[in-house]
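Report on the structure given below.
Numbers here simply count residues along the sequence, with the first being 1.
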Amino acid sequence: MRKAAALASAAMAAAAVAVVSTVLHQRQRRAAKRSERAEAVLLRDLQKRCAAPVELLRQVADAMAAEMRAGLAAEGGSDLQMLVTYVDSLPSGGEKGMFYALDLGGTNFRVLRVQLGGKERRIIKQDSEGISIPQHLMSSSSHELFDFVAAALAKFVASEGEDCHLPEGTQRELGFTFSFPVKQKSLASGTLIKWTKSFAIDEMVGKDVVAELNMAIRRQGLDMKVTALVNDTVGTLAAGRYVDHDTIAAVILGTGSNAAYIDHADAIPKWHGSLPKSGNMVINMEWGNFKSSHLPLTEFDQELDAESLNPGKQVYEKMISGMYMGELVRRILLKMAQETRIFGDNIPPKLERPYILRTLDMLIMHHDTSSDLRTVANKLKEVLGIEYTSFTTRKLVLDVCEAIATRGARLAAAGIYGIIQKLGQHSDSPSTRRSVIAVDGGVYKYYTFFSQCMESTLSDMLGQELAPSVMIKHVNDGSGVGAALLAASYSQYHQAESADSS
């Protein structure tokens with residue numbers, strides 16, 4: 001009897017455990033379904049707020065063109081600075097000789113040597129070297145910083161081979177790409193407005209960066225001078241024009257974003273100098289600072305902007321550039337983790353760390369084509385310390401990446417369309433001339449989805465008749481090679497020859 005009772009009791013206990021287990025499992029399934037529904041609602045809401053239909057993009061482009069005109073009309077007339085670059089003549093392809101470039105824009109700089117052989121031979125040879133700037137020089141003195149740069153330049157010049165000899169009495173000429181805010185006074189002069197990117201040499205602010213570099217070059221005993229001061233966007237425009245004469249504008253889509261284009265000098269009311277011979281002028285738009293009520297901003301954009309080092313500034317750049325898109329994805333995933341169980345019961349600590357998720361990580365996840373989204377899982381584990389994720393979660397992360405990348409790419413296309421519109425090349429009849437947009441930067445170069453989406457969006461905006469006449473061309477290393485090409489375009493010897501022949 002006792003044995004039978006014990007067996008019955010054990011059976012009842014087992015049945016009770018099974019019932020409890022079933023109830024718990026059902027509750028977990030219901031909770032998981034509720035969580036999945038909540039995640040789906042959040043995703044649909046995000047996609048809706050990030051939507052950028054063509055009608056909205058046309059409004060953004062209209063606003064861009066209007067701000068361009070306002071910025072050209074008067075200093076401070078627009079959030080777009082529309083800086084006059086004093087570049088009125090771009091490379092023709094016929095340039096000959098050896099020219100140097102210095103590309104200084106961060107904790108590293110590059111020196112380049114380019115040999116040009118005219119229309120037949122083009123770029124014969126190109127050498128470059130990258131140099132890291134010691135940390136202490138970023139906050140020491142302008143004298144020490146530029147002496148270090150000039151010494152590296154002199155060492156690079158000393159490596160010229162037998163085929164690099166300049167004609168006797170010829171001075172070496174340098175194109176200087178300086179990717180910090182400057183107020184340009186002429187093609188080869190510009191005063192520093194402020195430092196960025198970890199530099200803090202206060203006594204340099206307000207000084208002419210070209211004069212400082214030329215003095216440092218002379219202290220090295222080097223017979224060289226700066227012929228052109230440019231930023232990376234203008235350099236990209238020059239490099240684009242060198243390979244394709246129909247290039248009308250250049251766009252940088254990398255860590256930051258900017259654009260430059262060629263306008264008629266008489267369409268610049270704030271220009272008070274004599275009209276250049278070419279009748280044209282390259283304008284550095286500084287388009288990252290564009291803002292408009294038509295931009296599809298979300299709470300994540302507003303929070304990112306408010307907590308940034310420059311609140312209210314570079315609003316457009318914060319939606320389309322490599323510095324910020326990955327951070328937007330992180331903020332969205334954090335909210336999803338807070339409001340649902342997307343990553344389990346606890347919020348991953350690393351997910352709360354600003355800028356831990358880079359746009360590079362975002363694009364690697366977005367480009368995952370594996371059947372189980374294994375690359376997404378690996379990135380979440382590697383970057384955010386999230387050990388286990390379901391396929392549903394990985395797909396959700398990929399969809400968030402897609403929403404932010406699609407919006408960024410479509411807004412970039414609207415900016416390009418705004419330039420085309422400002423130049424009057426968006427009329428109803430097909431243009432008889434091609435218009436080429438030179439593009440460079442890591443986001444465009446490596447984020448394939450982004451670049452393809454941007455190009456297809458621009459085609460949609462242009463329409464079937466006009467789209468074939470506008471081309472986007474990738475131009476590699478415009479900030480370096482482009483500076484050397486501008487040094488060639490404005491060579492004192494080339495200018496002298498032109499004067500003699502006229």
Side-chain angles (χ1 to χ4, degrees), residues 85-87 89-91 95-106 108-116 123-131 133 142-143 145-161 163-180 182 184-192 204 207-239 242 282 477-496:
T85 65
Y86 297 88
V87 174
S89 177
L90 288 164
E95 292 79 11
K96 293 182 180 180
M98 181 176 69
F99 298 91
Y100 280 82
L102 168 64
D103 186 359
L104 175 59
N108 300 293
F109 67 91
R110 288 187 311 141
V111 286
L112 299 91
R113 180 170 46 239
V114 179
Q115 288 180 263
L116 304 173
I123 295 178
I124 301 169
K125 189 179 180 185
Q126 180 183 327
D127 302 298
S128 66
E129 184 180 338
I131 299 102
I133 301 174
S142 56
H143 195 98
L145 174 65
F146 281 103
D147 274 355
F148 178 80
V149 170
L153 189 56
K155 185 178 177 183
F156 185 66
V157 168
S159 70
E160 288 177 357
D163 55 345
C164 291
H165 287 306
L166 284 168
E168 195 168 336
T170 302
Q171 187 180 37
R172 292 178 182 85
E173 295 177 296
L174 175 78
F176 183 19
T177 301
F178 186 72
S179 299
F180 299 92
V182 295
Q184 213 152 334
K185 298 175 179 179
S186 67
L187 180 65
S189 68
T191 55
L192 178 66
M204 184 64 210
K207 287 186 179 178
D208 187 336
V209 295
V210 173
E212 292 292 314
L213 178 58
N214 277 334
M215 285 189 288
I217 287 172
R218 285 196 293 273
R219 286 194 292 271
Q220 289 292 326
L222 193 57
D223 189 19
M224 173 186 281
K225 78 165 189 175
V226 176
T227 302
L229 173 67
V230 299
N231 80 349
D232 53 359
T233 318
V234 176
T236 299
L237 179 55
Y242 185 73
V282 173
D477 193 20
S479 62
V481 173
L485 290 168
L486 282 168
S489 293
Y490 285 90
S491 165
Q492 58 191 315
Y493 307 107
H494 174 65
Q495 303 288 331

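- Of all heavy-atom pairs between Ala239 and Gly478, the closest is CB-CA, 4.1 Å.
- The NZ atom of Lys225 lies 13.0 Å from the CG atom of Leu213; values are rounded to the nearest 0.5 Å.
- The minimum heavy-atom distance linking Leu187 with Tyr86 is given by the pair N-CB, 3.5 Å.
- Here OG of Ser189 is found 5.0 Å from CG of Asp208. Values are rounded to the nearest 0.5 Å.
- For the atom pair CG (Leu112) and CD (Gln126), the distance works out to 6.5 Å, reported to the nearest 0.5 Å.
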Exercise. Dump the intermediate steps for side-chain contact (heavy atoms from CB on, under 4.5 Å) on Tyr242 and Glu95, then the final yes or no.
Key: CA-CA 9 Å; Tyr242 185 73; Glu95 292 79 11; 3.7 Å; yes
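- Here the straight-line distance linking atom CD of Glu212 with atom OG1 of Thr191 works out to 12.0 Å at 0.5 Å rounding.
- A 6.0 Å sphere centred on NZ of Lys207 holds more than 12 heavy atoms belonging to other residues, nucleotides or ligands.
- Side-chain atoms of Gln184 come within 3.5 Å of backbone atoms of Leu229 as a donor-acceptor pair (strictly under, hydrogens ignored).
- Ala188 and Val226 get closest at one heavy-atom pair: CB-O, 3.9 Å.
- Listed here is the closest heavy atom pair of Leu90 and Ala238: CD2-CA, 3.9 Å.
- Annotation: side chain of Arg172 is in contact with side chain of Val157 (closest heavy-atom distance under 4.5 Å).
- The CG atom of Leu486 lies 11.5 Å from the CG atom of Leu174; values are rounded to the nearest 0.5 Å.
- Looking only at side-chain heavy atoms (C-beta outward), Glu160 and Met98 come within less than 4.5 Å of each other.
- Inter-residue side-chain proximity for Phe180 and Met204 is flagged as unmet; no heavy-atom pair is nearer than 4.5 Å.
- Although no hydrogens or angles enter the test, the distance criterion places a donor-acceptor pair under 3.5 Å between the side chain of Tyr490 and the main chain of Ser89.
- Contact detail for Ser491 and Phe99: the closest heavy-atom pair is CB-CE2, 3.9 Å.
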Quiz item: Run the side-chain contact (heavy atoms from CB on, under 4.5 Å) check on Val230 and Val282 step by step: do they pass?
Solution: CA-CA 11 Å; Val230 299; Val282 173; over 6 Å; no
Quiz item: Phe156 and Arg113: side-chain contact (heavy atoms from CB on, under 4.5 Å), yes or no, with the steps?
Solution: CA-CA 9 Å; Phe156 185 66; Arg113 180 170 46 239; 3.7 Å; yes
Practice problem: Please step through side-chain contact (heavy atoms from CB on, under 4.5 Å) for the pair Leu104 and Ile133, ending with a clear verdict. | Solution: CA-CA 10 Å; Leu104 175 59; Ile133 301 174; 3.7 Å; yes
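- Counting all heavy atoms, side chain and backbone alike, Asn231 lies closest to Thr177 at C-CG2, 4.0 Å.
- A distance of 3.5 Å separates CZ in Arg219 from NE2 in His143, rounded to the nearest 0.5 Å.
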